[in-house]
There are 2 protein chains.
Amino acid sequence: MPADGASVTVVDVARVAGVSPSTVSRILNGTARVTAEKRKAVEDAIAALDFRPNLFARSLKTGTTMTIGILTQDIESPFFTRALRGIEEGLAGSGYAPLIVSGHWDAEEEAERIRLLMARRIDGVVILTGNLADTQIVEFATHQPIVALGRTLVAPNVRAVRFAQERGGYMAVRHLLELGHRRIAFIAGPVGHVDANDRYAGYVRAHMEVGLDPDPALVVQGDFLETGGVTAMTALLDSGVDFTAVFAANDQSAFGARMVLYRRGLSVPGDVSLVGFDDLPAAAYVTPPLTTVHQPIHEMGLFAARALLGMLGQPAEPVPLPDLQMVVRETTAAPKR
Amino acid sequence: MPADGASVTVVDVARVAGVSPSTVSRILNGTARVTAEKRKAVEDAIAALDFRPNLFARSLKTGTTMTIGILTQDIESPFFTRALRGIEEGLAGSGYAPLIVSGHWDAEEEAERIRLLMARRIDGVVILTGNLADTQIVEFATHQPIVALGRTLVAPNVRAVRFAQERGGYMAVRHLLELGHRRIAFIAGPVGHVDANDRYAGYVRAHMEVGLDPDPALVVQGDFLETGGVTAMTALLDSGVDFTAVFAANDQSAFGARMVLYRRGLSVPGDVSLVGFDDLPAAAYVTPPLTTVHQPIHEMGLFAARALLGMLGQPAEPVPLPDLQMVVRETTAAPKR
DNA sequence: GCGCTGCATGAAAACGTTGCCAGTCTTCCG
DNA sequence: CGGAAGACTGGCAACGTTTTCATGCAGCGC
């Protein structure tokens with residue numbers, strides 16, 4: 001059934017103000033000049049009737065919805081919510097509202113969600129990493145402009161940004177090497193995850209650079225979550241392999257690993273040094289505060305919003321993207337042996 | 001391949017299938033019987049043209065948008081994202097999509113955001129706590145069904161749920177008292193926040209019950225954030241007042257407080273016992289794991305989604321809400337003195 | 001065979017906006 | 001003073017659906 005009879009339309013306003021609907025529309029959108037007198041009458045009528053234009057009717061007519069779709073992976077992950085916050089800020093005051101959907105790292109589900117977004121005729125899409133194939137994105141981009149974070153991809157109607165994750169991994173391990181560590185374990189990310197793989201590549205490069213051959217026994221599987229950090233660290237300790245430091249592929253893994261070390265009575269950084277990746281807000285509040293690689297997540301969100309706004313023809317000043325940065329806190333120290 | 005799926009309309013489908021638009025619509029919505037023959041033709045045409053019904057046109061006509069609005073306070077707060085995840089789950093498969101906006105604990109902004117939601121003609125609203133006046137909510141509820149979490153409010157078209165926060169505070173302090181603590185500090189929440197006040201009331205009641213008069217010098221201001229916990233704990237220690245345990249109004253405050261204790265070289269729970277509130281996922285991963293009061297946040301989100309679906313006339317089986325529960329981990333112990 | 005009933009279908013009227021087109025009324029220039 | 005250029009404004013046709021309403025056509029009982 002149609003909206004409740006109480007819903008007031010542009011026609012009602014026109015009637016009360018004694019003008020035509022066209023004129024009301026003109027005033028609403030500032031699309032043509034109208035005499036001050038009628039403008040006043042219309043504005044009064046709008047206020048009196050508490051009129052709100054029906055965005056759907058407008059969308060139907062104009063073909064634009066003032067909504068941008070955001071494909072995140074996990075609404076509960078601090079990494080993504082930090083980016084979301086950036087996007088929210090970047091969109092503030094633009095009139096665009098974000099429609100957030102989650103893909104849960106599943107390519108199939110991601111594609112499905114994007115289709116859902118498109119069914120709602122959103123004006124643009126921001127994709128936060130994920131496992132979607134690039135070809136899929138290119139295909140989607142034939143319909144709407146897309147900004148993709150955590151990807152390198154050049155295609156029409158697509159703007160992609162990705163930080164050199166390899167360099168981040170390199171920086172982290174380099175830091176440990178400089179402290180004197182030689183047996184450095186690595187808690188990997190999800191299998192096949194490019195970012196995780198790149199960070200691992202950095203881990204390898206840093207080793208090579210000082211003439212070390214990374215020991216495969218020091219690399220254990222994680223999943224970017226705390227629980228993965230727990231299992232990985234447990235496996236590592238139980239394997240009996242020797243190590244003095246651990247580089248976790250992201251902060252959440254590091255948190256999990258730290259918990260196991262605590263359980264086993266190992267001191268950080270006394271017995272084992274620990275480095276994370278991301279610099280989540282929480283990294284500064286664990287004890288001891290976590291040494292990690294700072295990613296400007298918030299700025300990335302801000303950037304994505306502005307970039308998309310730009311692609312939509314909105315005036316939006318671009319934001320600069322700071323680079324990855326090593327943040328040395330208190331979970332790293334020289335090895336005792 | 002998908003042609004310009006954007007511009008394919010029900011009329012195109014009708015033409016290709018050799019039927020009228022009405023019939024296509026009927027098949028789309030299963031609203032009347034159609035011969036198998038035509039149904040087949042239409043379905044083939046839909047597939048061939050990659051037709052997607054324009055939801056806006058449909059909304060315009062039916063007055064329903066299959067969108068529900070969610071007013072959260074801070075998209076980055078783990079408390080809210082956990083609830084959001086519950087809502088997301090509760091909505092899964094219902095066809096409704098959530099439109100998330102943030103009020104940032106500002107009554108004015110909250111009202112503004114809700115108006116924005118209503119301008120988008122959402123079918124229902126979930127309000128996650130906040131500072132909006134109840135009268136405002138009642139007023140909004142005249143337009144859409146509303147589910148409010150963290151409120152006690154009885155009104156037509158409104159469903160409100162709130163846990164007995166006072167009891168939670170009582171349980172936390174009771175736990176400390178039973179361990180033998182007598183000088184228990186309290187890190188308060190934001191000024192005027194009902195939940196925070198109620199938790200404080202529980203703090204007071206637990207004291208009274210054992211014949212103790214809570215010392216005002218032991219109560220310090222916080223803001224539900226880590227930073228607030230830091231300032232509060234710092235102020236407490238600097239004031240020189242004597243205490244053996246701290247009850248923080250929420251986990252995030254506790255995390256901040258824990259950091260300061262670490263900085264000052266005070267052991268937890270050796271020198272000071274610490275209790276939080278909420279049982280955020282992170283509470284299990286700080287060291288030592290935080291003793292806290294568990295709120296079924298996720299379930300609350302699930303509950304809200306189902307309740308709203310029910311109000312919208314959808315078949316949605318209600319979910320039970322477990323009660324608050326004391327989770328004793330490792331930040332509490334008997335006082336040394 | 002006649003009127004009924006019921007069913008499948010198409011035509012057309014909305015839903016609330018916007019934007020083109022064509023007026024009307026000034027105003028100004030020659 | 002005539003006429004033309006502007007400046008405003010109203011009418012009306014879309015936008016893509018859904019939803020009456022009406023129509024034609026079988027089948028049915030008598």
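So you know, we letter chains A, B, ... as the sequences are listed, proteins then strands, and number each from 1.
- Rounded to whole angstrom, the span from the CZ atom of B:Arg15 across to the C1' atom of D:dG16 amounts to 14 Å.
- Under the 4.0 Å criterion applied to side-chain N and carboxylate O atoms, B:Arg306 and B:Glu317 are not assigned as salt-bridge partners.
- Distance, B:Leu60 CG to D:dA14 P: 17 Å, rounded to whole Å.
- You'll find that the side chain of A:Val10 is closest to C:dT17, out of C:dG10, C:dT17, D:dG10.
- The phosphate of C:dG16 has OP1 or OP2 within less than 4.0 Å of a side-chain N or O from A:Ser7.
- Pairing each heavy atom of B:Phe163 with each of B:Pro296, the nearest pair is CZ-CG, 3.4 Å.
- In this structure the side chain of B:Thr23 reaches within 4.5 angstrom of the side chain of B:Arg26, judged on heavy atoms.
- For B:Lys61, taking side-chain heavy atoms from C-beta onward, the closest of the listed nucleotides C:dT17, C:dA14, D:dG16 is C:dA14.
- No donor-acceptor pair closer than 3.5 Å links the side chain of A:Glu76 to the backbone N or O of B:Arg85.
- Residues from residues 21-44 of chain A that place a heavy atom under 4.0 Å from any atom of DNA chain D, listed by number: A:Ser22, A:Thr23, A:Arg26, A:Arg33, A:Val34, A:Thr35, A:Lys38.
- Side-chain atoms of A:Ser94 and A:Gln314 include no donor-acceptor pair closer than 3.5 Å.
- Considering only heavy atoms from C-beta on, A:Leu308 comes within 4.5 Å of A:Pro145 through its side chain.
- Counting only heavy atoms from C-beta outward, the side chains of A:Leu153 and A:Val138 approach each other to under 4.5 Å.
- For the pair A:Asn54 CG and C:dC15 P, the computed distance is 12 Å after rounding to whole Å.
- Of the candidate nucleotides C:dT18, C:dA14, C:dG10, C:dG10 has the atom lying nearest to any side-chain atom of B:Ser20.
- A distance of 11.0 Å separates CD1 in B:Ile46 from CZ in B:Arg52, rounded to the nearest 0.5 Å.
- End-to-end axis angle for the helix from C:dG1-D:dC30 to C:dG30-D:dC1, using five pairs per end and rounding to 10°, comes out at 50°.
- Between B:Asn29 and B:Arg58, the closest side-chain pair of non-hydrogen atoms falls below 4.5 Å.
- The distance from atom CG of A:Leu55 to atom P of C:dC15 is 18 Å, rounded to the nearest whole Å.
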